[in-house]
Amino acid sequence: MTLSPHTLCPPLLPPLPPSSNRRPPPPRSRPCPRILLPALAGRRSRVHLARPPRAGAGAGDGMASQDAHYPTLLEHMGRAGAPADLAVLVAHIQAACKRIAALVASPGNADLSRAKPAAAAGGASAAGRDAPKPLDELSNEIILSSLQSSGKVAVVASEENDLPVWMCDDGPYVVVTDPLDGSRNIEVSIPTGTIFGIYDRLVELDHLPVEEKAQLNSLQSGSRLVAAGYVLYSSATIFCISFGEGTHGFTLDRSTGEFVLTYPFMQIPPRGQIYSVNDARYFDWPEGLKKYIDTIRQGKGQNPKKYSARYVCSLVADFHRTVIYGGVAMNPRDHLRLVYEANPLSFLAEQAGGRGSDGKTRILSIQPVKLHQRLPLFLGSMEDMLELESYGDVQQKVNPGYDV
């Protein structure tokens, strides 16, 4: 589905039915002493969350204690003094992700997840992207509809659309998104995810034609992100987000339909013992990457322990595991999108004490020049990433066509 970048003042899409898993939350009578959040002022201010005291040896994994009251995502933002516009926008994003979570888990998703024939899909996309699948398109419609309804988004750039969509002249934010990453895995019940990034609208571009300002607003450097997040659709639905003051994880409580804080201040271990890559492609790799993987597998690197391979082939799932356990998740070829995937996930990695790189350069320092620009992506523990980059030749230049 291709949408042109024109002004969309009426609703972009017809209303969608409410998700079946949304129920009114029960009354909350207990106080919330664990999370202390100072108030902020100004829309461009970052959201601050005071670090809770560490509670014994079991607190190292970032999981909130089982007897603590769990603030919801919106309660967390409210107590942090988050700008009202940003809170409204995040509320609409989380509502969309709840609906996608229900869709992914629905018995009918097997047919939705199957790729359309090339002829039916209109052949290869002008952006050179993967052939769209019906579930991709439906997730994209849900996201776009929610963003339109928020009234807070000037322009949205989606991995599913060839061009950015201009929504509202006075919307304060710009959203970039991959609505359903890893959708090819749905049919076999492998985790998938949604990735998004939020920028301030560049008001200095308001005088330009719609097409031009939509494109330029969408091509902001990752260093200008106001917030970024991903949602993992798996055995649990987990919403991880950063507003520039740490990365925090919220788990969907299906009894209330609310995302509740379960992973405050997520921290990627400085070094892990896991690497995540499709090493069936080993013989296409450059010598530097081969040497790095051979070295750590044998326990001859800077970490004397032998590394294990864990690879899901679902970017959000591989990255989430890396955030929890440490190590490196990577795709060394020019495959992943800078705007929709690399920038938001690198922002989250850095806010959790890790690093995002193309193998040579910090991702957030790269200026996008094309909306669907691809590049190699390496994400993970700071010490592992620096060791990997020290090998020099880690970007795969040979890109044979892979069917799977």
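By convention here, the first residue in the shown sequence is residue 1. All heavy atoms count here, side chains included; hydrogens, waters and symmetry mates do not.
Side-chain contact between Arg201 and Asp206: present, with at least one pair of heavy atoms (C-beta onward) separated by less than 4.5 Å. Residues Tyr199 and Asn343 have side chains in contact (heavy-atom distance under 4.5 Å, counting atoms from C-beta outward). You'll find the side chain of Cys313 stays beyond 4.5 Å of the side chain of Asn278, heavy atoms only.
No more than 12 heavy atoms of other residues, nucleotides or ligands shown are found within 6.0 angstrom of NZ on Lys360. More than 12 heavy-atom neighbours from other residues, nucleotides or ligands sit within 6.0 angstrom of NZ on Lys290. When the shell of 6.0 Å around OH of Tyr325 is examined, it contains 12 or fewer heavy atoms from other residues, nucleotides or ligands.
When Phe239, Tyr173, Tyr340 are each tested for a ring-ring contact (aromatic ring centres under 6.0 Å, His included) with Phe196, only one passes: Phe239. The side-chain contact (heavy atoms from CB on, under 4.5 Å) test with Leu180 singles out one residue from Leu138, Asn140, Val316, Val104, and that residue is Val104. The only option from Glu350, Glu383, Glu387, Glu389 that meets the salt bridge (charged side-chain N to carboxylate O under 4.0 Å, His left out) definition with Arg355 turns out to be Glu389.
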key: Test side chain to side chain donor-acceptor pair (under 3.5 Å) applied to Thr237 and Arg254, step by step   = CA-CA 9 Å; Thr237 299; Arg254 297 192 184 278; 2.8 Å; yes
task = Go through the steps for Tyr311 and Asp318 under the test side chain to side chain contact (heavy atoms under 4.5 Å, CB included), then give the verdict.
result = CA-CA 7 Å; Tyr311 182 60; Asp318 284 317; 3.7 Å; yes
request  = Before giving the answer on ring-ring contact (aromatic ring centres under 6.0 Å, His included), spell out for Tyr263 and His248 the whole-Å C-alpha distance, their side-chain angles and the decisive distance to 0.1 Å.
outcome  = CA-CA 6 Å; Tyr263 295 88; His248 312 285; over 10 Å; no
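Between Tyr230 and Phe347, the ring center distance fails the sub-6.0 Å criterion. Less than 6.0 angstrom separates the ring centroid of Tyr391 from the ring centroid of Tyr292.
Listed for the Thr177 side chain is a donor-acceptor partner under 3.5 Å among the backbone atoms of Ile195. With Asp384 contributing its side chain and Gly272 its backbone, the two residues share a donor-acceptor pair below 3.5 Å. Although no hydrogens or angles enter the test, the distance criterion places no donor-acceptor pair under 3.5 Å between the side chain of Ser145 and the main chain of Glu141.
Defined by atom type and a distance below 3.5 Å, a donor-acceptor pair is present between the side-chain atoms of Arg271 and Gln302. A side-chain donor from one of Tyr233 and Thr194 sits under 3.5 Å from a side-chain acceptor of the other.
For the atom pair OG of Ser308 and CD1 of Ile296, the computed distance is 10.0 Å after rounding to the nearest 0.5 Å. Gln367 contributes atom CD, which lies 5.5 Å from atom OG of Ser221 (distance to the nearest 0.5 angstrom).
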